[in-house]
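In what follows, a structure is listed as structure tokens, so that the remarks can point back to it.
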There are 2 protein chains.
Amino acid sequence: MSQDREPRPRRLRNIAELAKLAGVSAGTVSRALADKSLVNRETRERIQALAREHGFRPNQMASRLRTGQTGVVGVVIPLGHEQKQHISDPFFMTLLGQLADALIDRGYDLMLSRALPVDNAEWLERIVDSGMLDGVLLIGQSDQFHNIESVAARYRPLVVWGTHREGQQHCVVGTDSFAGGRLAAQHLIARGCRRIAFFGDTRGLEIERRLAGARAAAEESGTGTRIDGFATHLSAEEMVSQIAADLDRMDPATDAIFAASDLIAMATLRQLHERGRKVPKDMALVGFDDLPMTEQTVPKLTTIHQDIAGGARAMVASLLARIAGEDTPSTIMVPRLVVRESA
Amino acid sequence: MSQDREPRPRRLRNIAELAKLAGVSAGTVSRALADKSLVNRETRERIQALAREHGFRPNQMASRLRTGQTGVVGVVIPLGHEQKQHISDPFFMTLLGQLADALIDRGYDLMLSRALPVDNAEWLERIVDSGMLDGVLLIGQSDQFHNIESVAARYRPLVVWGTHREGQQHCVVGTDSFAGGRLAAQHLIARGCRRIAFFGDTRGLEIERRLAGARAAAEESGTGTRIDGFATHLSAEEMVSQIAADLDRMDPATDAIFAASDLIAMATLRQLHERGRKVPKDMALVGFDDLPMTEQTVPKLTTIHQDIAGGARAMVASLLARIAGEDTPSTIMVPRLVVRESA
DNA sequence: TTGAAAGCGCTAACAC
DNA sequence: GTGTTAGCGCTTTCAA
């Protein structure tokens, strides 16, 4: 109704036009719109009303150039060795969703990129030096550990999801993958499993640590348990056929599978079902991540819990501190075994 | 090694500094870095080498302000009635992943926002008038149809995922939800089901059309099939308990469930399993979306396929055309029934 | 082929 | 309190 009564006036192009209309200077308009207290309450309200009436909003690009604050955080998924892995991988997406919520709550916009280091060795430099971002969040280290290290040495507002290595420079938030892998294997061994297949591509740092942890547990147990590694693709398309093949060629004595992610575990569950192998009776199965969907599978997936929401909050908190000039240590979260039905 | 040999010179702050270093003017540097042909090949290469050596990259904020092209597309998820629904909803995420891939391939960055229209009636105006974006993609119409219409009337580079209504202004890409709902119900009725529960919150336009289509199929069948609507929450947390409650209070004669999304279907599958009800023997179940994960469930989910990847490409293609000043019609994709095991 | 200069739209230091 | 002015860092006429 009100739209019919007051036909919208011509759209204002910039602060100067609004200033002319209001009979004040551009500076005053800028201050009024930013709710600065230095401006007379009456004129401020008048200008704000005028802006609202004309649907005027200051150009953010200009404002951000001028202030040097972009209000934008880059969220980047580096896909080095796992090029086929899609940005829509559920773990990435879950973390991304949490990051988006946390950043938006803090008033930041989020710029999403997928980087292919293989095509472009300077992927990270290009992003951090774009001048468009107040800070950068990396989802995963991929196989770019050293590259990240060297950029982090000079670009401070950078926080990475991933694994911590002794003496590393860059601020990382993540779960202790080694401990998680160990937990998984310990559980399987305690159940009586002695021949464990590991499904995961160990070129990724986190995955490699999970396998290492599992191997350590096997060693420590003194049971002679063996762990066979299978390099499972991360792309959804290839993953299924590869799991099928691995299931067929693996040692028939294998009595447990430790999947490096819940996604792999779910695909494995399905393939086992198709082969008529009961989980956990014929084959125990443990996943990793504890994505929400793992409670929906039949049987429910036993898995290693990572606190993704907490991790996202930690990443954002560290990044904002770094944007403010502080230095922040890495955050290593403790994984937790969640026993459900699959093992 | 090379890093040890040549200690990095002090970082250049802007084009002017590089210009001084190269003994040319800022204009020439700008042209050289943009690979403009007007600049002498030799000087161009010299400047580019210098830039590389110093790790210099022009400030994008300034460049974009000057040219008026931001190279950024906004991707926004409006959460009107479904406020609790998280940005990490798998359908959103799948579509978002595809959009990200398509946009990045075309050289655009992607700015992600979650909008809460309830808190802020001007959510969309604020976004399109921010001056930060060349165009905007909306994932879903939520309950904001009229709001979107009025903004679309003046802001052209806007493409929306959702449902098409007769005579609407805004460019939409989506699946014919009515046809999809009808397909689902037809399939269930053909299987002999006569009492169908619909799980979904019909305040969303697409969901409402799916139910309407199902009701139309029931009507047309002349079988006296009834369809009972249950308003299922979209937030993962509440969804499960609500489905459980609905399952317990629904008419005992109910022999089929049509879930408005695969996510709802998967949660329903799990709840049915817990109640010892076999799918599809005791209860037939059809989902909607055909997300990749629906092939991993046990039993595999029968669902209505939406071409999410194709839809994402269509959205991006339409948006780029609109950014270029063209006008584009809406794209309504035809849904397809995918019969697997659950019905 | 290159340099000089204007200006994208905004903000903030400095005046008054 | 408000106006004036000088840039933020870049691109792009225009002139040479």
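The figures here come from the full heavy-atom set of this structure, side chains too, leaving out hydrogens, waters and symmetry mates.
- Across all strands shown, A:G27 has heavy atoms under 4.0 Å from base atoms, whether or not it also approaches the sugar-phosphate.
- Between A:D109 and A:R64 a salt bridge is recorded (basic side-chain N to carboxylate O distance below 4.0 Å).
- The listed nucleotides are D:dC10, D:dT12, D:dT2; the one nearest the side chain of B:F56 is D:dC10.
- The distance between atom CD of A:Q60 and atom P of C:dG9, rounded to the nearest whole Å, is 14 Å.
- Residue B:S25 places at least one side-chain N or O closer than 4.0 Å to OP1 or OP2 of C:dG3.
- Going from atom CZ of A:R64 over to atom P of D:dC10 covers 19 Å, rounded to whole Å.
- Taking only side-chain atoms of B:S30, from C-beta outward, the nucleotide of C:dT2, D:dC10, D:dT11 with the closest atom is D:dT11.
- Rounded to whole angstrom, the span from the CG atom of A:L33 across to the P atom of C:dG9 amounts to 16 Å.
- Residue side chain B:R31 reaches the base of C:dG3 through a donor-acceptor N/O pair under 3.5 Å, judged by distance alone.
- Using a 4.0 Å cut-off between charged nitrogen and carboxylate oxygen, B:R57 and A:E122 count as a salt-bridge pair.
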Checking side-chain hydrogen bond (donor to acceptor under 3.5 Å, both in side chains) for the pair B:Q141/B:W161: CA distance, chi angles, key distance, verdict? CA-CA 7 Å; B:Q141 290 149 316; B:W161 176 275; over 6 Å; no
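- Of the possible donor and acceptor atoms, none in the side chain of B:R156 sits under 3.5 Å from a partner among the backbone N and O of B:D327.
- To the nearest angstrom, P of D:dG9 lies 9 Å from CD of B:E17.
- Separating the CE atom of B:M61 from the C1' atom of C:dT11 is a distance of 14 Å, rounded to the nearest angstrom.
- One finds a salt bridge joining A:R154 and A:E125 here, because a Lys/Arg side-chain nitrogen approaches an Asp/Glu carboxylate oxygen to under 4.0 Å.
- Inter-axis angle, ends of the helix from C:dT1-D:dA16 to C:dC16-D:dG1, five pairs per end, rounded to 10 degrees: 40°.
- In this structure, B:R41 pairs ionically with B:E45, as a charged nitrogen and a carboxylate oxygen lie closer than 4.0 Å.
- Within 4.0 Å of A:L65, counting heavy atoms only, lies at least one base atom of the nucleic acid.
- Across the protein-nucleic acid pair, A:R57 atom CZ and C:dC10 atom C1' stand 17 Å apart, rounded to whole Å.
- Against DNA chain D, the stretch residues 42-50 of chain B makes no heavy-atom approach under 4.0 Å.
- A:V159 and A:M315 get closest at one heavy-atom pair: O-CE, 3.8 Å.
- Heavy-atom distances to DNA chain C give each of B:T28 and B:T67 a nearest nucleotide, and the one nearer the 5′ end belongs to B:T28.
- In this structure, B:R41 atom CZ and C:dT1 atom P are separated by 12 Å, rounded to whole Å.
- Residue B:I15 contributes atom CD1, which lies 8 Å from atom C1' of D:dG9 at whole-angstrom precision.
- Between A:P78 and A:S142, the closest heavy-atom pair is O-CB, 3.5 Å.
- Nearer the 5' end of DNA chain C, as judged by each residue's closest nucleotide, is the contact made by B:V24, out of B:V24 and B:A62.
- In this structure, B:L124 and B:Y155 have side chains that are not in contact, with every pair of non-hydrogen atoms separated by 4.5 Å or more.
- Distances were taken from every side-chain heavy atom of A:R66 (C-beta onward) to each of C:dG3, D:dC10, D:dC8; the shortest belongs to D:dC8.
- In this structure, the side chain of B:T331 does not engage the main chain of B:A314 through any donor-acceptor pair within 3.5 Å.
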